[in-house]
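See below for the structure under consideration.
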There are 2 protein chains.
Amino acid sequence: MEFPGKAGGMDPEFDIKDVCPVIEVIDRISGKWSISVLVATAHGPVRFTELERQITGISRRMLTLTLRNLERDGLLTRTVYPTVPPRVEYAATGMARELYEHLAGFTSWAARHQGEIAAARTAYDAGRTAEPVPAPG
Amino acid sequence: MEFPGKAGGMDPEFDIKDVCPVIEVIDRISGKWSISVLVATAHGPVRFTELERQITGISRRMLTLTLRNLERDGLLTRTVYPTVPPRVEYAATGMARELYEHLAGFTSWAARHQGEIAAARTAYDAGRTAEPVPAPG
DNA sequence: CAGTATCCCTGCGGATACTG
DNA sequence: CAGTATCCGCAGGGATACTG
């Protein structure tokens, strides 16, 4: 997604560059389908068509692109069996499964706060439409 | 980013919906500037212009949009002091700081594996350009 | 100071026909 | 089966002039 390289450093209390690696990670999983593919391959080798079926709504093109990107980053292995018809299997690497574990932390965060977030949204949206007219007369 | 709603469920060993909340989280921080803003506001109230200076490269428009989105999700509070000239301060909520903590896990992951990732990329890219000609003569 | 409004442009992602 | 090639639409994001 091409994030900013740095962001000033006038506050000695924290260095934004400490957080920069996160951006790299987000970059890697920010694609619309990356997480789904990561999840689908985390439990063992999966074939292309199986992924296509399992990940509802993904197009052939995007599946390929997502697969290639993850492979390039070393998160996926691609194994070709030179049979006919061809057989290709994708599997998450150890690194990817580690990443996958970290996702659990976010899942719990989301679960804990989803009500709060929904409420915040409702409140925000309500404020946006109602405030313009505080005193009609 | 509008992610897919679900993705099949033929494998009883895992349910992809367990991971769906992650997508919600990613959605919230997947913007190009969200993380930078989150980081910049995590340590206390910050003013608009200060953010603009601190986050190198961000445009006025994107800063505003990012701020509004985070505020809408309840991750940021916006406090207006009706002085002249106006003074507005943004601060991360508890929920946001919790999220911020989780980022640390990813940071360590990225730090541990950045060499491995770089190597994987180099290898992948090298393979892409060299393979077409395995035996010149 | 703290935004909003406007214009433009790039690249992600969707659909699908074609191929080794 | 497992892709690649091609075309296209749209939303995210950049730049900047204007305003309460």
Side-chain angles (χ1 to χ4, degrees), chain A residues 1-5 7 23 26-37 40-41 45-72 76-91 124 127-128 131-132, chain B residues 1-5 7 23 26-37 40-41 45-72 76-91 124 127-128 131-132:
Chain A
M1 186 170 262
E2 198 185 343
F3 281 94
I23 286 174
I26 298 299
D27 239 15
R28 216 144 276 120
I29 60 179
S30 70
K32 185 172 179 179
W33 304 102
S34 301
I35 293 182
S36 298
V37 171
T41 54
V46 193
R47 300 182 61 176
F48 187 89
T49 306
E50 196 175 342
L51 285 170
E52 203 174 2
R53 273 197 310 264
Q54 207 163 111
I55 305 173
T56 309
I58 196 170
S59 68
R60 195 154 288 185
R61 177 183 130 86
M62 285 319 295
L63 178 55
T64 303
L65 281 178
T66 305
L67 251 15
R68 293 290 174 276
N69 283 332
L70 292 175
E71 185 196 355
R72 188 170 112 96
L76 244 48
T77 61
R78 177 173 178 270
T79 312
V80 182
Y81 299 93
T83 60
V84 39
R87 173 195 182 86
V88 180
E89 286 184 348
Y90 294 91
Y124 183 91
R128 291 276 119 180
E131 257 175 45
Chain B
M1 186 173 255
E2 197 185 345
F3 280 93
I23 286 175
I26 299 298
D27 238 15
R28 216 143 277 120
I29 60 179
S30 70
K32 185 171 180 178
W33 304 103
S34 300
I35 293 182
S36 299
V37 171
T41 54
V46 193
R47 299 181 61 173
F48 187 88
T49 305
E50 196 174 342
L51 285 170
E52 204 174 2
R53 272 198 309 264
Q54 207 163 112
I55 305 173
T56 309
I58 195 170
S59 68
R60 195 153 288 184
R61 177 184 131 87
M62 285 319 294
L63 178 54
T64 303
L65 280 179
T66 305
L67 251 15
R68 293 290 173 276
N69 283 332
L70 293 175
E71 186 196 353
R72 187 172 112 97
L76 244 49
T77 60
R78 177 173 178 271
T79 312
V80 182
Y81 299 91
T83 60
V84 41
R87 174 194 183 85
V88 180
E89 285 184 347
Y90 294 91
Y124 184 92
R128 291 276 119 180
E131 257 176 46

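Every chain is numbered from 1 and lettered A, B, ... according to where its sequence line falls, protein lines coming before strand lines.
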- prompt: Across the strands shown, which category fits B:Thr64 at heavy-atom distances under 4.0 angstrom: base, sugar-phosphate, nothing?
  reply: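 The residue B:Thr64 makes base contact.
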Open item on the list: Counting the atoms with a prime plus P, OP1 and OP2 as sugar-phosphate, which does A:Tyr90 contact under 4.0 Å by heavy atoms, base, sugar-phosphate, or nothing?
Closed with: sugar-phosphate
Using Watson-Crick geometry (N1-N3 plus N6-O4 or O6-N4) or G-U wobble (N1-O2, O6-N3), each under 3.5 Å, D:dG14 is paired with C:dC7
Q | Any-strand Watson-Crick or G-U partner of D:dT19, both distances under 3.5 Å | A |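 For D:dT19, the partner nucleotide comes out as C:dA2, under the 3.5 Å rule.
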For the student: nearest non-hydrogen atoms of [X] and [Y], plus distance:
X: A:Thr41; Y: A:Tyr90; value: CG2-O, 4.0 Å
X: B:Pro45; Y: B:Ala91; value: CA-CB, 4.0 Å
X: A:Ile35; Y: A:Ile29; value: CG1-O, 3.8 Å
X: B:Ser36; Y: A:Ile23; value: OG-CD1, 4.4 Å
X: B:Val88; Y: B:Arg78; value: CG1-CG, 3.8 Å
X: B:Ala40; Y: B:Ile55; value: CB-CD1, 4.5 Å

Round to a whole Å and report the spacing from [atom1] of [X] to [atom2] of [N].
X: B:Asn69; N: D:dA11; atom1: CG; atom2: P; result: 15 Å
X: A:Leu67; N: C:dG13; atom1: CG; atom2: P; result: 14 Å
X: A:Glu50; N: D:dG3; atom1: CD; atom2: C1'; result: 17 Å
X: B:Leu65; N: C:dT6; atom1: CG; atom2: C1'; result: 13 Å
X: B:Leu76; N: C:dG3; atom1: CG; atom2: P; result: 11 Å
X: B:Leu63; N: C:dA5; atom1: CG; atom2: C1'; result: 16 Å
X: A:Glu52; N: D:dG3; atom1: CD; atom2: P; result: 10 Å

Whether each nucleotide of nucleotides 15-20 of chain D has a protein heavy atom under 4.0 Å at its base (B), only at its sugar-phosphate (S) or at neither (-) is summarised, 5' to 3', as BB---B
Who pairs with B:Arg60 by salt bridge (Lys or Arg N to Asp or Glu O under 4.0 Å), at least two apart in sequence or on another chain?
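With neighbours one apart ignored, the set is B:Glu52.
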Taking D:dG13, D:dG3, D:dA2 as options, the one with an atom nearest any side-chain atom of B:Lys32 is D:dG13
Against the side chain of B:Thr49, the closest entry in C:dG13, C:dA2, C:dG3 is C:dA2
